[in-house]
Amino acid sequence: MVVEVKQSYGIRVSTILNATDKLTEELEYLCSLVEKPDPEFAIKNAVVYAHAVMTLSNHLDFVLEEITKRDLTPDEDMVKLTEEDIVAMNDYTDATEEALEDLEELCGISLKNN
């Protein structure tokens with residue numbers, strides 16, 4: 001008889017809330033550059049800018065629409081994740097970091113410094 005052991009993964013609820021706040025702030029900042037343009041931070045490459053906005057938006061949607069649907073641990077401190085969730089979270093994080101690096105390099109807009 002073969003016994004299959006399921007791997008369990010979890011992330012703190014506070015970590016999800018902090019990530020959501022950070023992604024929301026970054027997205028709002030980027031959107032504000034179009035709503036109220038700042039001559040110091042002109043959007044030099046609309047495609048790179050749009051890609052950064054889209055990537056942040058997709059990342060935020062994933063956290064809000066997928067991760068928040070997962071079950072909580074009995075103490076409600078952790079959200080239970082699947083291996084696929086972990087891989088997806090990593091992929092979204094990598095894509096967001098890459099898009100923001102491109103934004104800084106090609107447009108001179110850095111969310112870390114602005």
Q.
Would you say that Met89 contacts Ile11 through its side chain, given a criterion of any heavy-atom pair below 4.5 Å between the two side chains?
A. yes
What's the spacing between [X] [atom1] and [Y] [atom2] if we round to 0.5 Å?
X	Y	atom1	atom2	result
Leu56	His51	CG	NE2	10.0 Å
His59	Glu97	NE2	CD	9.0 Å
Leu60	Glu65	CG	CD	9.0 Å
Thr96	Met54	OG1	CE	10.0 Å
Lys22	Leu27	NZ	CG	12.0 Å
Tyr49	Asp102	OH	CG	15.5 Å

Is it possible for you to say whether [X] and [Y] belong to one hydrophobic cluster, with membership spreading through side-chain heavy-atom contacts below 4.5 Å?
X	Y	value
Leu106	Val53	yes
Leu64	Leu30	yes
Val48	Val34	yes
Ile67	Tyr92	yes
Leu17	Val63	yes

Q: Answer yes or no: is there a donor N or O on one side and an acceptor on the other, between the side chain of Thr73 and the main chain of Met78, under 3.5 Å?
A: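 Yes; judged by distance alone, with no hydrogens or angles, the pair exists.
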Q.
For the backbone of Thr82 and the side chain of Asp85, can you confirm whether one donor and one acceptor N or O come within less than 3.5 Å of each other?
A. yes
Q: Step by step, work out the side chain to side chain donor-acceptor pair (under 3.5 Å) result for Asp21 and Thr24.
A: CA-CA 5 Å; Asp21 288 344; Thr24 300; 5.6 Å; no
(Q) Between Tyr29 and Leu111, does the side-chain contact (heavy atoms from CB on, under 4.5 Å) criterion hold? Intermediate values first, please. (A) CA-CA 8 Å; Tyr29 174 75; Leu111 296 181; 3.2 Å; yes
**Q.** Working for side-chain contact (heavy atoms from CB on, under 4.5 Å), residues Thr20 and Ile16
**A.** CA-CA 6 Å; Thr20 302; Ile16 292 172; 4.1 Å; yes
Q: Give the minimum heavy-atom separation between Ala52 and Ala99, together with the two atoms involved.
A: CA-CB, 3.9 Å
Q | Considering all heavy atoms, the nearest Glu76-Val13 contact | A | O-CG2, 3.7 Å
(Q) Surrounding NZ of Lys80 (heavy atoms of other residues, nucleotides or ligands, distance under 6.0 Å), is the total greater than 12? (A) yes
Q: Quickly, which of Asn45, Ile43, Ile109 forms a side-chain contact (heavy atoms from CB on, under 4.5 Å) with Leu103? Name it, please.
A: Ile109
Q.
Quick one about Asn18 and Thr15 (side-chain donor to acceptor, distance below 3.5 Å, no hydrogens or angles considered), yes or no?
A. no
